[in-house]
Amino acid sequence: MENCESGDVGDERREEMKVPLLKEYSSSKEIELKNDYNQIHGGLRRRVWIESKKLWRIVGPTIFTRIASYSLNIITQSFAGSLGNLELASISLSITVILGFNFGLLLGMASALETLCGQAYGAKQYRMLGIYLQRSWVVLFLCAILLLPVYIFTSPILKLLGQPDDLAEQSGLVTIWLIPVHFAFAFQLPLQRYLQCQHKTPITAYVSWFVLAFHIFVNWLFIYKLGFGIIGAAVTMNISWWIIVLVLCWYVVCGGCPETWTGFSTEAFSGLWEFFKLSAASGVMLCLENWYYRILILMTGNLNNATIAVSALAVCMSINAWEMSIPFAFFAATGVRVANELGAGNGKAAKFASIVSAITSLIVGLCICVLILILHGKLATIFTSSNIVIEEVDNLAILLAITIFLNSIQPVLSGIAVGSGWQASVAYINIGCYYIVGLPLGAVLGWVFHLGVQGIWSGMIGGTAIQTLILLIITIRCDWDMQAEKASLRMTAKK
């Protein structure tokens, strides 16, 4: 019995001795886990901060550039709106639909440079950027010539599509005067992407804002003082866009890009077919999306009281396109960052850059949605003084906010596709979502259910939502290491 009791006492003493040891072990383990947690999350915060700085070095100046560039269109429409509702509708139709149709194709084709120049820059093949720029000029200039009939025959085309005769005639006259702008796009768009892939975006921002200030003065002079009317408005567009082209060309050729510009080369005329195929895929991918918005305005022209409906939707599309300067800046920056990292063979960094860009763009988009809903009754006042048009735009404010929300994420996903070289696949997705789902749905809601312009726009939102979902699934399932290997093979083949 005594032995048993002494054994029990010994066990108790051992248990008592274990308690502080366990507490000490537990405390040290908690500290270790806490340190690991802080290290992991501190490292993540640092990575996000570093990636955000890289992203905003491109996004910031690009936003300013796009806002300034698109504001050229907005300012011209605003000055023309003071001439009357027909003048506002015709200049809006000419700029938003006809010029926008061709701009969408040329913009898409120029976006091939975001893949090629971005990956070449990441792979440190600097000389190839200048060669790619010259190839893009050749391809886009030839494409611009092929698109000329759209400008020449604008009036009969619009009449065939059901637009009122007076609106079609005046829009056709304006469009003829906009042909020089069309050729300016063929040079300016490749230049912008060439500089963008080298992170030389501030120069484009400086030039664009200088031209914007000049554009305001020229519109005031031509329309108010000299009384050139709607033709004067078109001429101001030509002057301003060509100033941008000439200044950027001067910057590149005269030593602004010494690593990547080694002079004009006959290599620009070699490998054109391969370059054209990627440019065509990029063009189809983006222009299908761009054309989608233009078709909506044409569909609206077939509604009752078409002038008011077209004016209201054109105002909303103009505001949407103005705001799209921000997500399109994220589109550009995402394409550059993904292409740079893939060109350098770093798939994990490309994935991380995509995530940071998508979240940042979504936060910015939500803030703008709230602003649109707050200012819904005053959105159209910068375009027109017509109470009827202002009221119609006010009725569309909720749809505009939903569109802006979707567009805060969709361009980033498209930027990932461009940076990775998926343009051909995304082109098929756009065809299905926009033209098989969106347009028929809009037509049914607009005419069958008599929802008018709101129904047409709701169909557009449906197509965009499906496209965004599909691109999101593709991006989530992407094998980034394999994409990096493909980029390395592409760069090796171009040497």
Side-chain angles (χ1 to χ4, degrees), residues 40 43-63 110-129 132-133 192-201 257 259-260 278 281-282 285 327-362 409-426 471-495:
I40 291 169
L44 179 60
R45 283 195 295 268
R46 179 173 173 77
R47 287 181 63 201
V48 170
W49 173 249
I50 292 172
E51 180 57 43
S52 295
K53 287 198 295 183
K54 292 179 181 178
L55 185 71
W56 279 99
R57 283 195 193 107
I58 304 172
V59 170
T62 304
I63 288 175
S111 293
L113 289 179
E114 293 178 355
T115 303
L116 296 173
C117 287
Q119 293 184 2
Y121 193 78
K124 302 187 186 307
Q125 295 184 22
Y126 299 128
R127 190 183 68 86
M128 288 304 299
L129 273 75
Y132 290 143
L133 172 64
Q192 189 175 4
R193 274 135 196 82
Y194 164 78
L195 293 167
Q196 181 177 285
C197 290
Q198 304 171 65
H199 304 178
K200 292 182 180 291
T201 47
C257 304
E259 285 185 322
T260 59
L278 182 60
S282 299
M285 174 190 135
F328 265 128
F330 279 96
F331 161 82
T334 305
V336 170
R337 289 293 303 126
V338 169
N340 286 169
E341 296 296 348
L342 292 180
N346 197 343
K348 295 286 192 303
K351 177 182 179 180
F352 188 74
S354 303
I355 294 171
V356 172
S357 181
I359 293 173
T360 307
S361 179
L362 186 61
I409 185 65
Q410 183 270 332
V412 175
L413 299 175
S414 295
I416 295 169
V418 168
S420 305
W422 304 339
Q423 288 94 325
S425 299
V426 177
L471 289 178
L472 186 61
I473 293 171
I474 291 173
T475 303
I476 291 172
R477 297 181 61 186
C478 172
D479 184 340
W480 290 97
D481 291 330
M482 186 176 69
Q483 295 301 322
E485 290 177 11
K486 287 182 178 180
S488 297
L489 291 173
R490 182 183 290 118
M491 290 301 102
T492 302
K494 299 297 181 183
K495 282 184 178 179

Taking the side chain as everything from C-beta on, heavy atoms only, tell me whether [X] gets closer than 4.5 Å to [Y].
X: Asn340; Y: Val336; value: yes
X: Val338; Y: Ser420; value: yes
X: Gln196; Y: Ile58; value: yes
X: Lys200; Y: Cys257; value: yes
X: Glu114; Y: Phe331; value: yes
X: Asp481; Y: Lys348; value: yes
X: Thr115; Y: Trp422; value: no

Looking only at heavy atoms, what is the nearest atom pair of [X] and [Y], with distance?
X: Leu342; Y: Gly419; value: CD1-O, 3.9 Å
X: Gly347; Y: Trp480; value: O-CB, 3.4 Å
X: Thr360; Y: Val356; value: OG1-O, 2.7 Å
X: Cys197; Y: Gly118; value: SG-N, 3.6 Å

Evaluation steps, side chain to side chain contact (heavy atoms under 4.5 Å, CB included), between Arg337 and Ser357:
CA-CA 9 Å; Arg337 289 293 303 126; Ser357 181; over 6 Å; no
Leu362/Phe330 under side chain to side chain contact (heavy atoms under 4.5 Å, CB included): CA gap, chis, key distance, verdict
CA-CA 10 Å; Leu362 186 61; Phe330 279 96; over 6 Å; no
[atom1]/[X] to [atom2]/[Y] distance, rounded to the nearest 0.5 angstrom?
X: Tyr132; Y: Gln125; atom1: OH; atom2: CD; value: 6.5 Å
X: Leu116; Y: Tyr194; atom1: CG; atom2: OH; value: 14.0 Å
X: Glu51; Y: Phe352; atom1: CD; atom2: CZ; value: 6.5 Å
X: Leu133; Y: Leu129; atom1: CG; atom2: CG; value: 8.5 Å
X: Thr334; Y: Leu55; atom1: OG1; atom2: CG; value: 6.0 Å
X: Ile359; Y: Ile409; atom1: CD1; atom2: CD1; value: 8.5 Å

Is the backbone of Val48 close enough, under 3.5 Å, to the side chain of Ser52 for a donor and an acceptor to pair up by distance?
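Side chain of Ser52 to backbone of Val48: a pair is present.
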Parallel, tilted or perpendicular: which fits the ring planes of Tyr121 and His199, with parallel below 30° and perpendicular above 60°?
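Rings of Tyr121 and His199: tilted, as their planes differ by 30° to 60°.
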